[in-house]
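All remarks here apply to the structure that follows.
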Amino acid sequence: MPSTLLDELLAEARPIWQAMIAHPFLHELATGTLSRERFHFWVQQDYRFVQDGIRFLGLLIARAPDEELRRGLLDAAVAFRNELTIFEEYARQHALSLAVEPTPICLGYTSFLLATAATGSLVEALTVLWCAEKAYYDAWSAVRAQLGLAPAYARWIENWTSPQFASWVDWLGEQLAKRATTPDRPPIRAAFLATARYEYLFWDMVYTGSNWPI
Ligand SMILES: Cc1ncc(CN)c(N)n1
């Protein structure tokens, strides 16, 4: 599979990617105008997302056929664990409960992750992971370009824009590109587009407060 796979995936999803990075949630966060209520909703829901993300990684580690991939995925699990710690420390400081139910969109996204890890091909699952992490790298890099390491959000900005995180995302993309075959391409494209849409929807959900109507 030529290394253009990743570029092609990003090119096909460009409108979604641009809408995601320009989303009012991220724009207001980067300009210091985001309400605390919206930010706290993101903290609560992303915490739920990352909890299930660890289960997703556990399934993927079990399926990885070689040591190189297993170790790289294990690094991701440690990074996700660290994300939980950042949320927990913030929640403690702000007396914010993290014991919330996932919204329909959060539940839809995490169910999609777990279903892909359990029943999709390995490269589909790697696609979903690469898309989600690349989306966070790009979204938080755009925030950092405007805001720097502003104290209110420094730990998150640092976490998802660090050179280590950037090289891990690149490594994951290389793993995907080298393992994907030509027949894998259609399901990979579908997995990438669905994940990019969920990434957009997640920001939109925390901005609009979208939740179960009953
Ligand atoms: C929705 C979402 N996507 C990605 C990440 C980065 N692990 C996250 N914390 N949340």
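A distance of 7.5 Å separates CZ of F56 from CZ of F80, quoted to the nearest 0.5 Å. For the atom pair CG (L176) and SG (C131), the distance works out to 10.5 Å, reported to the nearest 0.5 Å. The CD atom of Q164 sits 11.5 Å away from atom CG of D75, with the distance rounded to the nearest 0.5 Å. Interatomic distance, E28 CD to R38 CZ, rounded to the nearest 0.5 Å: 5.5 Å. Here the SG atom belonging to C106 is positioned 12.5 Å from the CH2 atom belonging to W42, to the nearest 0.5 angstrom. Atoms CD and CG, on E88 and L96 in that order, are 12.0 Å from each other to the nearest 0.5 Å.
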Set out, in order, the CA-CA distance, both residues' side-chain angles and the distance that settles side chain to side chain donor-acceptor pair (under 3.5 Å) for Y207 and H27, then state yes or no.
CA-CA 11 Å; Y207 189 74; H27 176 73; over 6 Å; no
Run the side chain to side chain contact (heavy atoms under 4.5 Å, CB included) test on V43 and Y90 for me, step by step, so that the C-alpha distance in whole Å, both residues' side-chain angles and the decisive distance to 0.1 Å come before the verdict.
CA-CA 9 Å; V43 169; Y90 179 89; 4.2 Å; yes
Take T181 and D184 through the test side chain to side chain donor-acceptor pair (under 3.5 Å) and record every step on the way to the result.
CA-CA 5 Å; T181 62; D184 288 327; 2.9 Å; yes
For F49 and L113, run side chain to side chain contact (heavy atoms under 4.5 Å, CB included): C-alpha distance rounded to whole Å, both residues' side-chain angles, the deciding distance at 0.1 Å, then the answer.
CA-CA 10 Å; F49 173 87; L113 287 184; 3.8 Å; yes
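Taking the side chain as every heavy atom from C-beta outward, R155 and N159 never approach each other to under 4.5 Å. Taking the side chain as every heavy atom from C-beta outward, L29 and W140 approach each other to under 4.5 Å. Looking only at side-chain heavy atoms (C-beta outward), I105 and V206 stay at 4.5 Å or farther from each other. In this structure, the side chains of W160 and Y136 come closer than 4.5 Å at one or more pairs of heavy atoms. A heavy-atom distance below 4.5 Å is found between the side chains of F165 and V169.
For H23 and F202, the gap between ring centers reaches or exceeds 6.0 Å. Checked against a 6.0 Å centroid threshold, the rings of W17 and F192 count as neighbours.
Other residues, nucleotides and ligands place no more than 12 heavy atoms under 6.0 Å from the CD atom of E101.
No chain of hydrophobic side-chain contacts below 4.5 Å, direct or via other Ile, Leu, Val, Met, Phe, Trp or Tyr residues, connects Y47 to V78. Both L84 and L73 belong to a single network of hydrophobic side chains, linked directly or stepwise wherever heavy atoms of I, L, V, M, F, W or Y lie under 4.5 Å apart. Note on M205 and V100: separate hydrophobic clusters, where clusters join Ile, Leu, Val, Met, Phe, Trp and Tyr whose side-chain heavy atoms are under 4.5 Å apart, directly or indirectly.
None of L201, L193, T195 except one satisfies the side-chain contact (heavy atoms from CB on, under 4.5 Å) rule with I16; the exception is L193. When each of F87, W203, Y153 is tested with F39 by the rule ring pair (Phe, Tyr, Trp, His ring centres under 6.0 Å), just one qualifies, namely Y153.
Residues S97 and Q44 share a closest heavy-atom pair of O-NE2, 2.9 Å. The shortest heavy-atom contact between I188 and A180 is CD1-CB, 3.5 Å. For the residue pair A139 and I21, the shortest heavy atom distance occurs at CA-CG1, 4.2 Å. Nearest heavy-atom pair, G209 versus F41, reported as atom, atom and distance to 0.1 Å: CA-CE2, 3.6 Å. Looking at every heavy atom in both residues, A194 comes nearest to F112 through CB-CZ, 3.8 Å. The two atoms that bring A30 and L147 nearest to each other are O-CD1, 3.1 Å, heavy atoms only.
Classification of R185 and E8 as a salt-bridged pair holds, one side-chain N sitting under 4.0 Å from a carboxylate O.
Applying the salt bridge (Lys or Arg N to Asp or Glu O under 4.0 Å) definition to pairs two or more places apart or across chains, those involving residues 128-146 are K134-D138.
As a member of the Ile/Leu/Val/Met/Phe/Trp/Tyr network built from side-chain separations under 4.5 Å, W212 groups with L107.
Side-chain atoms of Q45 come within 3.5 Å of backbone N or O of T103 as a donor-acceptor pair.
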Donor-acceptor pairs are to be reported for all side-chain atoms of residues 58-68 against protein atoms at under 3.5 Å, with residues two or more places apart or in another chain.
residue : atom : partner : partner atom : Å
R63     : NH1  : A117    : O            : 2.7
R63     : NH1  : G120    : O            : 2.8
R63     : NH2  : G120    : O            : 2.9
D66     : OD1  : E68     : N            : 3.4
D66     : OD1  : L69     : N            : 3.0
D66     : OD1  : R179    : NH2          : 3.1
D66     : OD2  : R179    : NH1          : 2.8
D66     : OD2  : R179    : NH2          : 3.1
E67     : OE1  : R70     : NH2          : 3.1
E67     : OE2  : R71     : NE           : 2.8
E67     : OE2  : R71     : NH2          : 3.1
E68     : OE1  : K178    : NZ           : 3.2
E68     : OE2  : Q175    : NE2          : 3.1

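Judged purely by distance below 3.5 Å, without hydrogens or angles, the side chains of T208 and S210 never pair a donor atom with an acceptor atom. Side-chain atoms of T127 and E124 include no donor-acceptor pair closer than 3.5 Å. In this model, no donor atom of one side chain and acceptor atom of the other lie less than 3.5 Å apart for W156 and E83.
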